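Residue numbers start from 1 in every chain, and the chains themselves are labelled A, B, ... in the order their sequence lines are given, proteins ahead of strands. Values in this document were obtained by computation on a predicted structure and should not be read as measured data.
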Protein chains: 2
Amino acid sequence: MSETRDKIRFAAMRLFAQKGYGSTSVADILQAAGVNAGSLYYLYPGKQDVLLDVLDTYLAGIHPMLLAPAWAEISDPVERVFALLRRYRSALESTDCTYGCPIGSIALELHEPDPPVRERLAANFDAWVAAIEQCFVDAGDRLPSDLDRRALAVFALTTMEGGVMLSRTHRTLDDFDTAVAMLRSHVDLLLARA
Amino acid sequence: MSETRDKIRFAAMRLFAQKGYGSTSVADILQAAGVNAGSLYYLYPGKQDVLLDVLDTYLAGIHPMLLAPAWAEISDPVERVFALLRRYRSALESTDCTYGCPIGSIALELHEPDPPVRERLAANFDAWVAAIEQCFVDAGDRLPSDLDRRALAVFALTTMEGGVMLSRTHRTLDDFDTAVAMLRSHVDLLLARA
DNA sequence: GTCTATAACCCGATAGAC
DNA sequence: GTCTATCGGGTTATAGAC
């Protein structure tokens with residue numbers, strides 16, 4: 001029965017996003033999942049393996065859970081980029097600028113080498129960048145032909161992550177909105193130049 | 001004698017930047033500073049107060065320790081922005097992409113309300129943005145007159161912080177360089193448009 | 001597979017002599 | 001102001017019955 005595994009996974013997902021990995025104790029996960037310690041340690045070697053499972057779940061869910069809802073009613077590839085950024089804005093807004101991007105939070109929390117965790121964080125970032133790169137590729141000749149689409153996608157990610165960081169610190173959406181507006185004006189300049 | 005206080009402060013500054021606040025124990029600080037527990041708790045109410053002292057030190061040092069060295073041989077205001085970003089690149093480069101911006105690291109580590117800490121993180125970001133805003137103001141009519149100088153400064157900060165996050169995760173300078181190159185091309189477009 | 005109880009450890013902080 | 005020893009509590013993880 002992997003129902004228990006699901007309960008642990010989703011409880012951990014929520015807690016890591018809310019309080020971070022380090023500040024979440026195994027006891028917190030057990031309580032939130034309504035599961036006992038024996039069950040968790042029967043299913044996972046340890047706490048870090050729960051994190052690995054969570055990161056794998058984010059990666060597997062990036063298309064069905066993140067991109068598909070964000071893009072349901074938007075077909076213009078350039079607008080899809082900003083529709084995705086709006087999802088992060090909504091997350092910030094509905095949590096008083098507390099919750100931003102769960103991957104980014106964990107990425108800066110990591111300080112030890114910790115290769116298996118870093119590898120999965122990188123895979124999540126890579127998948128995000130690849131999806132946005134595809135949007136800019138789909139924009140075709142509306143963008144300058146010599147523009148590096150992947151570089152612009154990386155720029156969109158740094159804008160989002162940096163904006164989340166500042167908005168969480170200031171507890172206002174202002175910085176996030178400012179950063180996205182600047183990205184928008186950059187894209188507009190590129191569209192005009194093509 | 002505040003020599004002990006200095007030893008603690010600088011040991012903590014280095015450790016928080018290397019391993020983060022949560023992963024640094026008081027014992028780590030004591031060992032690195034060559035100081036005993038009694039002395040630390042005589043000088044500080046607790047561990048968090050050491051962090052507040054460190055953040056105040058960063059804020060006080062932003063001009064003499066960060067901006068002045070970065071700008072010693074550069075007078076062009078726009079080039080000063082990129083000279084500052086180069087400092088962060090050097091920090092990443094000389095630490096195998098482990099150490100980036102200490103303020104940003106702690107900012108995303110914070111998950112509890114923790115008002116006194118957040119307040120100081122915000123003050124550090126604000127001072128950084130104000131200094132860069134001044135560069136763009138000093139650029140005068142080389143930039144479009146209707147350009148929001150502060151917004152562009154926020155954008156520079158999100159670019160740096162986002163770039164540091166990705167470079168630390170991938171353990172390569174590539175993402176940082178890409179993000180800065182995109183910012184550069186945005187600024188170039190603005191300069192051409194003015 | 002799930003439960004309870006607990007081991008083994010590290011943490012921040014304190015006490016009290018000097 | 002500085003030292004050593006230690007307290008009390010929370011941590012991850014395990015043992016062993018069911």
Side-chain angles (χ1 to χ4, degrees), chain A residues 1-57 105-106 109-118 120, chain B residues 1-57 105-106 109-118 120:
Chain A
M1 173 128 54
S2 78
E3 194 182 301
T4 302
R5 204 183 176 94
D6 289 343
K7 283 197 269 185
I8 293 170
R9 199 191 347 251
F10 289 117
M13 214 174 313
R14 194 161 38 79
L15 287 167
F16 292 164
Q18 275 172 11
K19 328 198 309 165
Y21 173 71
S23 306
T24 299
S25 69
V26 173
D28 291 336
I29 300 172
L30 297 174
Q31 189 182 9
V35 159
N36 294 94
S39 300
L40 188 148
Y41 283 101
Y42 173 80
L43 293 165
Y44 296 92
K47 183 188 173 185
Q48 175 168 304
D49 300 274
V50 177
L51 174 60
L52 297 180
D53 193 12
V54 164
L55 292 176
D56 286 337
T57 304
S105 286
I106 296 165
E109 204 176 330
L110 256 281
H111 290 273
E112 279 115 75
D114 232 334
V117 176
R118 234 190 39 238
R120 279 161 176 90
Chain B
M1 170 130 53
S2 78
E3 193 183 303
T4 303
R5 205 184 176 93
D6 290 342
K7 283 197 269 185
I8 293 170
R9 201 191 345 253
F10 290 117
M13 212 173 316
R14 193 161 38 80
L15 287 167
F16 292 164
Q18 276 173 8
K19 327 199 312 167
Y21 174 70
S23 306
T24 299
S25 70
V26 173
D28 291 336
I29 300 172
L30 297 175
Q31 190 182 7
V35 159
N36 294 93
S39 300
L40 187 148
Y41 283 100
Y42 173 80
L43 292 166
Y44 297 92
K47 182 187 174 186
Q48 175 169 303
D49 300 273
V50 177
L51 174 60
L52 296 181
D53 193 12
V54 164
L55 292 176
D56 286 337
T57 304
S105 286
I106 295 165
E109 203 176 333
L110 257 281
H111 290 273
E112 280 114 74
D114 232 334
V117 176
R118 233 189 41 237
R120 280 162 176 91

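Residues Ser39(A) and Asn36(A) bring no donor and acceptor atom of their side chains to less than 3.5 Å of each other.
With Asp28(B) as reference, Lys19(B) is the one residue of Lys19(B), Lys47(B), Arg14(B) to meet the salt bridge (Lys or Arg N to Asp or Glu O under 4.0 Å) rule. Under the side chain to side chain contact (heavy atoms under 4.5 Å, CB included) rule, Arg5(A) has a single partner from Leu40(A), Val35(A), Leu43(A), which is Leu43(A).
Put simply, CG on Leu30(B) is 10 Å from C1' on dG12(C), counting in whole angstrom units. Rounded to an integer number of Å, the gap from CD1 of Ile8(B) to C1' of dG12(C) is 15 Å. Atom CG in Leu15(A) sits roughly 12 Å away from atom P in dT12(D) (whole-Å rounding). The nearest whole Å value for the distance from the NZ atom in Lys19(B) to the C1' atom in dC11(C) is 13 Å. Atom OH in Tyr44(B) sits about 15 Å away from atom C1' in dG1(D), given to the nearest Å. Rounded to whole angstrom, the span from the CD atom of Gln48(A) across to the C1' atom of dT11(D) amounts to 16 Å. Separating the CZ atom of Arg5(B) from the P atom of dT2(D) is a distance of 12 Å, rounded to the nearest angstrom. In this structure, Gln31(A) places its CD atom 15 Å from C1' of dT11(D), rounding to the nearest Å.
Summary of the strand contacts: Asn36(B) and Gly22(A) both lie near DNA chain D, and taking for each the nucleotide with the nearest heavy atom, the more 5' one is attributed to Asn36(B). With the nearest nucleotide of DNA chain D identified for both Asp28(A) and Pro45(A), Asp28(A) has the one nearer the 5' end.
Nearest to the side-chain atoms of Thr4(B) among the listed nucleotides dA13(C), dA13(D), dT2(D) stands dT2(D). The side chain of Tyr42(B) sits closest to dG1(D) out of dG1(D), dT14(D), dG12(C). The nucleotide whose nearest atom lies closest to any side-chain atom of Ala37(A) is, among dT14(D), dT2(D), dG12(C), dT14(D). When the nucleotides dT11(D), dT2(D), dG12(C) are ranked by their closest atom to the side chain of Ser25(A), dT11(D) comes out on top.
Using a 4.0 Å heavy-atom distance criterion, Gly38(A) is classed as a base contact. Across all strands, Ser23(B) comes closer than 4.0 Å to no nucleic acid atom at all (heavy-atom distances).
Separating the CD atom in Gln48(A) from the CG atom in Asp53(A) is a distance of 12.5 Å, to the nearest 0.5 Å.
Gln31(A) CD: 12 or fewer foreign heavy atoms inside a 6.0 Å radius.
OP1 or OP2 of dT14(C) has not a single side-chain nitrogen or oxygen of Tyr41(B) nearer than 4.0 Å.
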